[in-house]
Student: 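I am attaching a structure below and will ask some questions about it afterwards.
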Amino acid sequence: MTALDLSALSSQLDNCLTRDSHALRTRLHGLKRRASKGLPIDKGLLEVAAQIEASQQAVEARRALLPTIRYADDLPVVLRREEVLAALTKNQVLILCGETGSGKTTQLPKIALEAGRGVRGLIGHTQPRRIAARSVAARIAEELDTPLGEKVGYQVRFTGQVSDSTLIKVMTDGILLAEIHSDPLLSKYDTLIIDEAHERSLNIDFLLGYLKRLLPKRPELKLIVTSATLDVERFSAHFDGADIMSVEGRTYPVEMRYRPVQGDDDDRDRDLPRALLDAVDELAAEGAGDILVFFDGERGIREAEEALRKHPVPRHLGATEILPLYARLSAADQARVFQKHGGRRIILATNVAETSLTVPGIRYVIDTGLARVSRFSAHAGIQRLQVEPISQAAARQRAGRCGRLGPGICIRLYAEDDFAKRPAHTDPEILRTNLAAVILRMESWQLGHVDDFPFLDKPDGRQIKAAYDLLFELQAVDETRRLSALGAQLSRLPVDPRLGRMVLAGERDGCLAEMLVIVSGLTVQDPRDRPPERQQAADQAHAAWKNTTSDFLSLLALWRWYEEQARHLSQAKLRGLCEKNFLSYVRMREWRSLHQELRGLFHEEGVHENEAPVSEDVVHRALMTGLLGHLALRDEEKRKTNPAKDKREMVSYQGVKGRKLAIHPGSALVKTPPKWLMSAQWLETTRVWGAMNAAINPRWIEPLAKHLLSREVSEPHYQLDSGRVAAFETLSLYGLPVVLRRAVNYAAIDPLDARRIFILEGVLGALEGWEVVADQAWSTPSPQPSPARG
DNA sequence: CTCTCCCT
């Protein structure tokens with residue numbers, strides 16, 4: 001009878017909320033074990049039965065919420081709906097390859113709903129970007145004719161609208177990843193859609209690795225991975241040969257034209273701006289339509305803008321408007337791209353326009369074929385940002401930006417065989433980035449060693465070592481790479497590990513208030529706007545908070561000023577004040593949100609900020625706990641050999657690990673370079689730049705860097721006046737001497753050698769001296785020298 | 001005298 005009840009109950013688990021079924025199954029296993037030992041289980045069975053009942057009622061309540069599903073008729077994914085439905089029933093994993101316009105992003109969640117998903121648990125749908133997550137959710141809600149935040153919700157950092165009745169939840173992949181911390185089984189989802197997997201961000205790769213391990217533990221969970229590029233076999237292989245479905249896109253053909261900057265002998269003197277002007281002329285002759293040009297950075301954009309403004313506008317171009325577009329641009333200037341306009345537009349853009357922003361109404365694309373790519377060099381231990389030729393996939397993505405409206409034309413300012421020689425795909429982020437944050441998470445979630453984790457692309461051993469080295473520097477792991485208590489705390493802070501370390505130091509040293517402000521400020525994009533044509537005015541406005549010994553204190557001053565204003569100003573007035581002071585209101589708000597979030601984490605633990613402000617030194621020492629790898633000493637040699645007549649000569653620094661660097665011109669310290677420098681970031685572009693800097697006192701280093709210092713002891717010698725054996729020690733941090741020739745008691749370092757020297761130089765020396773004395777006063781010997789203590 | 005882009 002009991003055995004029957006047990007199996008009857010477990011057969012009902014498949015009708016429970018996914019959130020409950022795992023816990024209930026565990027409970028039933030426990031009862032089964034008790035029963036086999038002959039122990040009574042009736043009470044337990046009753047409880048489980050009640051919980052199953054409640055859970056099933058919850059499922060039925062969710063089922064009642066199901067909206068009538070309508071599809072946008074002719075989208076390619078919708079036309080093959082039956083196949084998707086069949087695949088979802090048959091398989092646990094489906095790889096869906098669908099290019100732009102296939103409808104995969106908006107229609108797939110609805111198809112999943114039609115397949116009966118979303119009832120026992122949520123349909124989770126991830127997007128790489130916050131704006132996309134929100135707008136995708138809004139779009140699906142609209143198509144299902146339900147208000148956003150109810151049956152269809154979204155969640156991104158700082159904001160979201162989700163309720164108990166939510167069936168489809170759209171979120172950033174970062175949110176889903178973070179949820180693993182509190183719910184390792186991701187048990188509230190019955191379906192997951194990882195969209196835009198081809199982008200291969202760190203979050204996506206981590207998720208795909210994690211999900212591979214999770215799927216066997218969650219047999220009722222369905223996973224759909226979508227990619228806009230054709231390399232879906234990798235994803236399929238990763239999930240043990242999962243089925244692939246390919247759905248065509250809805251784009252117009254794009255004609256490719258190759259116009260290399262130096263194509264033939266006539267072009268020998270042609271530079272990039274000239275090649276661009278020629279391309280613009282060529283496209284202008286084709287007819288009306290806006291042109292989108294891709295550059296590697298702001299500098300190229302500015303050069304091109306200048307050249308275009310001087311360029312005699314061909315008549316058929318009509319009124320031409322030139323608009324730069326890059327992420328750092330103020331919100332108002334970015335918004336201009338979306339405003340209606342007459343005439344022709346030429347938009348000069350960085351990679352933002354490749355994936356993040358879709359510029360409307362583009363007929364033509366001009367592609368320089370270049371991009372700045374961030375790569376962490378494990379060998380040098382430094383982040384690089386170099387201009388590189390983009391991959392074929394990225395070039396196709398750029399070209400595709402003119403095929404949404406009608407047939408387009410893309411001019412590539414490089415040769416066709418150059419394109420053919422390029423790598424097919426951009427290296428996934430996991431191969432290009434510092435892995436400290438990933439490894440910290442893996443350690444804290446006890447996911448085992450990185451080498452054994454099923455990443456699509458395994459990170460290089462040197463990258464892994466560099467990450468552990470950094471974690472050791474931050475004291476997050478010990479010499480044996482075991483997570484420390486501090487490391488466990490660090491892993492819970494949703495910021496870069498270096499910055500998280502500073503906050504923890506702030507907690508310990510009574511400057512949490514200051515650290516929360518500075519760290520959240522360093523994490524968000526710099527709220528200080530500096531429009532190219534009004535740089536001086538912007539600098540003047542920002543000078544109010546400028547501190548020439550510390551960019552960190554500038555941030556703090558800006559924050560304090562802003563908080564004071566925010567206390568008595570309306571939101572509208574605050575917004576106006578930001579504009580007047582060349583501050584981005586949106587980024588100031590993000591800064592405050594992040595500050596709020598971090599602060600909340602400490603308040604939950606009952607830790608509160610210091611109320612009295614602390615000294616600047618205390619602030620900088622806390623900062624230094626995270627920046628021991630970014631310390632540098634001014635290069636005095638260079639200063640002397642380059643006399644002051646050339647004022648432009650950049651002051652050079654000798655950093656740890658033998659790095660040479662200079663202060664970034666954006667730093668307030670560039671005109672008053674201190675002897676000792678601490679930088680929040682080192683970035684190699686044209687040279688290594690230290691960004692966000694402060695002058696420091698080298699005496700702070702030793703107590704904070706004890707675990708990293710190497711000691712060199714030299715010139716042990718007997719000291720006649722103290723009677724001791726002394727020596728000099730030089731302490732180095734990653735090869736940079738930070739304590740020079742300090743006198744030390746040699747006996748504490750090498751007692752044996754000290755004793756040898758004591759006998760050799762002290763006793764025998766004294767005896768020699770004694771002999772002399774004895775010789776001189778043979779008849780009246782002096783008192784014997786008393787031996788010095790070793 | 002200057003630095004692509006995202007995310008918890």
Side-chain angles (χ1 to χ4, degrees), chain A residues 126-133 155-160 171-182 196 199-207 294-302 325-329 349-357 368 370-375 383-388 390 394 397 426 428-429 432-433 437-438 440-441 444-445 490-497 499-500 520 523-526 530 532 535 539 590 593-594 597-598 601 646-651 662-671 673 681-692:
Chain A
T126 71
Q127 287 293 313
R129 281 163 290 279
R130 286 190 274 167
I131 292 179
Q155 198 192 332
V156 298
R157 189 174 206 170
F158 306 136
T159 181
M171 67 201 125
T172 48
D173 34 40
I175 291 277
L176 182 63
L177 196 51
E179 283 182 0
I180 292 172
H181 179 75
S182 56
E196 317 282 2
E199 287 195 18
R200 300 294 308 278
S201 67
L202 203 53
N203 284 346
I204 285 171
D205 275 20
F206 200 161
L207 273 173
F294 284 101
F295 290 91
D296 56 35
E298 272 178 57
R299 177 188 285 198
I301 289 175
R302 224 166 304 137
L325 180 65
Y326 44 88
R328 241 169 44 101
L329 204 63
T350 59
N351 255 351
V352 266
E354 193 179 297
T355 46
S356 306
L357 284 174
T368 60
L370 301 170
R372 277 194 188 271
V373 179
S374 167
R375 287 181 192 276
Q383 190 194 344
R384 294 197 166 125
L385 194 54
Q386 308 289 7
V387 177
E388 293 181 12
I390 60 170
Q397 171 78 10
T426 311
E429 195 182 359
R432 294 188 283 112
T433 197
V438 172
L440 186 61
R441 258 195 175 151
S444 127
W445 291 349
L490 194 59
S491 73
R492 285 196 289 272
L493 294 177
V495 288
D496 176 86
L499 302 184
S520 49
T523 301
V524 299
Q525 286 176 297
D526 194 333
R530 204 163 175 265
Q535 286 182 358
D539 290 348
E590 292 251 302
S593 302
L594 180 59
E597 184 185 340
L598 292 176
L601 288 172
D646 186 8
K647 282 184 190 160
R648 288 272 164 112
E649 183 64 38
M650 183 109 16
V651 175
I663 297 179
H664 190 271
S667 167
L669 278 73
V670 74
K671 286 193 184 119
Q681 194 197 22
W682 281 1
L683 187 66
E684 184 173 343
T685 54
T686 47
R687 60 188 295 176
V688 182
W689 297 108
M692 293 302 295

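The structure presented is a predicted model; accordingly, all values stated were derived computationally and were not measured.
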Student: Looking at R441(A), I'd like to know if its CZ atom is crowded, meaning that more than 12 non-hydrogen atoms belonging to other residues, nucleotides or ligands lie closer than 6.0 Å.
Tutor: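 Correct, the count exceeds 12.
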Student: Give R375(A) one of three labels, base, sugar-phosphate or nothing, depending on what nucleic acid heavy atoms sit under 4.0 Å from its own.
Tutor: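 R375(A): no heavy atom of the nucleic acid under 4.0 Å.
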Student: At under 4.0 Å between heavy atoms, what does E590(A) touch on the DNA or RNA strands: base, sugar-phosphate, or nothing?
Tutor: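 Answer is nothing: E590(A) stays at 4.0 Å or more from every strand.
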Student: Of all the choices, dT4(B), dT2(B), dC7(B), which nucleotide is nearest to the side chain of R129(A) once you look at every atom?
Tutor: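 Ranking dT4(B), dT2(B), dC7(B) by closest atom to the R129(A) side chain puts dC7(B) first.
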Student: With a 4.0 Å cut-off on heavy atoms, is S201(A) in touch with a base, just the backbone sugar-phosphate, or nothing at all?
Tutor: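 Nothing: the residue S201(A), judged by heavy atoms under 4.0 Å, touches no strand.
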Student: How is I175(A) classified with respect to the nucleic acid when contacts are heavy atoms under 4.0 Å: base, sugar-phosphate, or nothing?
Tutor: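 Sugar-phosphate: the residue I175(A), judged by heavy atoms under 4.0 Å, touches backbone atoms but no base.
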Student: Considering every strand and a 4.0 Å limit on heavy-atom distances, what is the contact class for A371(A): base, sugar-phosphate, or nothing?
Tutor: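 Since no nucleic acid heavy atom lies under 4.0 Å of A371(A), the category is nothing.
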Student: So which nucleotide from dC3(B), dC1(B), dC7(B) ends up closest to the side chain of H664(A)?
Tutor: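 The answer is dC3(B).
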Student: What does E298(A) touch in the nucleic acid at a heavy-atom separation under 4.0 angstrom: a base, only the sugar-phosphate, or nothing?
Tutor: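 Sugar-phosphate, backbone atoms only, no base.
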Student: Using a heavy-atom cut-off of 4.0 Å across all strands, would you classify D296(A) as base, sugar-phosphate, or nothing?
Tutor: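 Since only primed, P, OP1 and OP2 atoms lie under 4.0 Å of D296(A), the category is sugar-phosphate.
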Student: Any base atoms under 4.0 Å from G666(A), or only sugar-phosphate, or nothing? Heavy atoms, all strands.
Tutor: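 Touches nothing.
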Student: Answer yes or no: does a side-chain N or O of T355(A) lie under 4.0 Å from OP1 or OP2 of dC6(B)?
Tutor: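 No, no such contact exists.
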Student: Base, sugar-phosphate or nothing for A437(A)? Non-hydrogen atoms, less than 4.0 Å.
Tutor: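 Result for A437(A) = nothing.
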Student: Contact class for V670(A) vs. all strands (heavy atom < 4.0 Å): base, sugar-phosphate, or nothing?
Tutor: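 The residue V670(A) makes no contact with any strand.
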Student: Applying a 4.0 Å non-hydrogen cut-off, can you work out what R384(A) is touching in the nucleic acid: base, sugar-phosphate, or nothing?
Tutor: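 Answer is nothing: R384(A) stays at 4.0 Å or more from every strand.
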Student: Within the 4.0 Å heavy-atom criterion, would you say V352(A) contacts the bases, only the backbone, or no part of the nucleic acid?
Tutor: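 Contact class for V352(A): sugar-phosphate only.
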Student: I want to verify a distance call: between dC7(B), dC6(B), dC1(B), whose nearest atom is closest to the R130(A) side chain?
Tutor: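 For R130(A), the side-chain atoms sit closest to dC7(B).
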Student: Apply side chain to side chain donor-acceptor pair (under 3.5 Å) to S491(A) and list each qualifying residue two or more places apart in sequence or on a separate chain.
Tutor: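 Residues passing side chain to side chain donor-acceptor pair (under 3.5 Å) with S491(A): S444(A).
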Student: Over how many whole Å does the gap from L177(A) atom CG to dC6(B) atom P extend?
Tutor: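 Taking CG of L177(A) and P of dC6(B), I get 19 Å after rounding.
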Student: For a quick test of reading the model: is some side-chain N or O of T686(A) closer than 4.0 Å to OP1 or OP2 of dC3(B)?
Tutor: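 Indeed, a polar side-chain atom of T686(A) lies that close.
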Student: Side-chain donor or acceptor of R328(A) under 3.5 Å from a matching atom on the base of dT4(B)?
Tutor: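 Absent.
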